[in-house]
Visitor: 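The structure that follows is given in the form of structure tokens.
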Amino acid sequence: VGQRGQRSAPGRLVLTALQDERPAHALVRLGDSPRVVALLTQLFAVALRRCFAGHDAREITAYVRDLLEWLDLPPGGGPARQTEALIRSVLGEPALATGITAARRHEITCWVVGDLARPPGANQAVLDALLEQAERRVSR
Amino acid sequence: MTAAAATAATPDPASTADPVGTAPVELVAVPEVVHRRPRTPAGEYLRATVINRPAGWDVKPDQAARAFFARAFTLAVRRRFRPDSPVADIARTVADVCRRHATLPLSALETEMLVRHALGEAAPVEDIPAERVVAAHVVVFVAMVDGVALTDEEVDELITTAEDTPGWLT
């Protein structure tokens, strides 16, 4: 970790999962590894902050609806609120995510991180940069 | 008649005006404002809650009462916020309400979604438990009318409007 191009073992697992036909599901299956979960948590925060920081929450609501539809999940109700809560929690409203279980957090994290692979998907350079930043944050 | 003659023939309002206001003045009739009071137990309950008085109602809201609370909530929310109000402003207000009513079954995010839904947004409000919806409707109503400093009479007007309106507001 720390040198461009050198991927940590969790980083390689995440990259492999993102190439899966169903990346969100592949990422959820990595939930047994605390190191992978830590990396995904940081990747979730980095990706969202670079995308949504300073935006109105209505854009997040719309994004969540679109994300859940892509995942063939009900686009409203509790899953939508929990997803928005977790996203906004890393954007400066941490209290919103109070009460969301660790398992649920991991699942939502994987939905959002898996979205990086949604066609057309983030290009490899962007993905590498996000992963590198997330790995640095894990190591600190 | 020349313009000069017309001017001379027309009394100068300034010269004929009563400078000290002692002349009799014809008062314009002001339509009598009928102050309506809430007439349903739920309406009385809401009023009592706003003015911080004991509410003489066993709070087990039926469908009609829940619909009334929802209407009153919507009317009050639309007094306080606009459809394009920043979500951060709404979230801050709602978080403050939830903090002040920590003993009630309230979720800040659910409450925020209810407020945004009342403003016409496609916010995810499905499957929020009924008791949390009612609690949010009542406490947010109180906070909203306080937030825009409505008088007791204006609160009554809001409540009676909600009582008069059939169905659910959209």
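In what follows, chains carry the letters A, B, and so on, assigned in the order in which the sequence lines appear, proteins first and then strands, with residues in each chain numbered from 1. In what follows, every heavy atom counts, from backbone to side chain, and hydrogens, waters and symmetry copies are set aside.
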Visitor: Under the 3.5 angstrom rule, does the side chain of B/Asp127 hit a backbone N or O of A/Gly78 as a donor-acceptor pair?
Guide: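 At least one qualifying donor-acceptor pair exists.
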
Visitor: Hey, is A/Arg65 close enough to B/Glu121 for a salt bridge, meaning N to O under 4.0 Å?
Guide: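 The answer is no: the pair does not qualify as a salt bridge.
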
Visitor: Establish whether A/Phe52 and A/Leu96 are linked, either directly or via other cluster members, by ILVMFWY side-chain heavy-atom contacts under 4.5 Å.
Guide: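 Different hydrophobic clusters.
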
Visitor: Rounded to the nearest 0.5 Å, what separation is found between the CG atom of A/Leu86 and the CG atom of B/Leu109?
Guide: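 It is 11.0 Å, given to the nearest 0.5 Å.
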
Visitor: Test of understanding: clusters of I, L, V, M, F, W, Y form through side-chain heavy atoms closer than 4.5 Å, transitively. Do B/Leu46 and B/Leu104 belong to the same one?
Guide: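 Different hydrophobic clusters.
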
Visitor: Would A/Leu48 end up clustered with A/Leu68 when hydrophobic side chains under 4.5 Å apart are linked, directly or stepwise?
Guide: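 Yes, same cluster.
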
Visitor: I'd like to know if A/Arg58 pairs up with B/Asp84 as an ion pair, taking the criterion as any Lys NZ or Arg NE/NH1/NH2 lying under 4.0 Å from an Asp or Glu carboxylate oxygen.
Guide: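 Result for this pair is no, no salt bridge flagged.
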
Visitor: Give a yes or no on whether B/Val138 and B/Phe73 share a hydrophobic cluster (residues Ile, Leu, Val, Met, Phe, Trp, Tyr; joining criterion: side-chain heavy atoms under 4.5 Å apart).
Guide: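 Cluster IDs for B/Val138 and B/Phe73 differ.
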
Visitor: Counting only heavy atoms not in B/Asn52 (residues, nucleotides, ligands), do more than 12 fall under 6.0 Å from its CG?
Guide: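 Open.
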
Visitor: Can you give me the closest heavy-atom contact between A/Ala57 and B/Val87, atom names plus distance?
Guide: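 Looks like CB-CG1, 3.3 Å.
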
Visitor: Assess whether atom NE2 of B/His117 is packed by more than 12 heavy atoms of other residues, nucleotides or ligands within 6.0 Å.
Guide: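 No.
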
Visitor: Mark yes when over 12 heavy atoms from residues, nucleotides or ligands other than A/Arg22 sit less than 6.0 Å from its CZ; otherwise mark no.
Guide: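 Counting neighbours around CZ of A/Arg22, 12 or fewer heavy atoms of other residues, nucleotides or ligands fall under 6.0 Å, so no.
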
Visitor: So what's closer than 4.5 Å to chain A heavy atoms on B/Ile128: side chain, backbone, both or neither?
Guide: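 Interface part for B/Ile128: both.
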
Visitor: Pick whichever of A/Ala80, A/Gly76, A/Gly77, A/Gly99 has the most heavy-atom pairs under 4.5 Å with chain B.
Guide: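 Most heavy-atom pairs within the cutoff with chain B belong to A/Gly77.
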
Visitor: Could you check whether any side-chain N or O of A/Arg81 sits under 3.5 Å from a backbone N or O of B/Pro124, counting only pairs where one atom can act as donor and the other as acceptor?
Guide: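 Side chain of A/Arg81 to backbone of B/Pro124: a pair is present.
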
Visitor: Should A/Arg88 and B/Glu112 count as an ion pair when the cut-off is N to O under 4.0 Å?
Guide: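 Looking at B/Glu112 together with A/Arg88, the answer is yes, because their closest N to O distance falls below 4.0 Å.
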
Visitor: Could you walk me through whether B/Arg116 and A/Thr61 satisfy the side chain to side chain donor-acceptor pair (under 3.5 Å) test, starting with their C-alpha distance in whole Å, then the side-chain angles of each, then the deciding distance to 0.1 Å, before giving a yes or no?
Guide: CA-CA 11 Å; B/Arg116 290 166 57 188; A/Thr61 308; 2.5 Å; yes

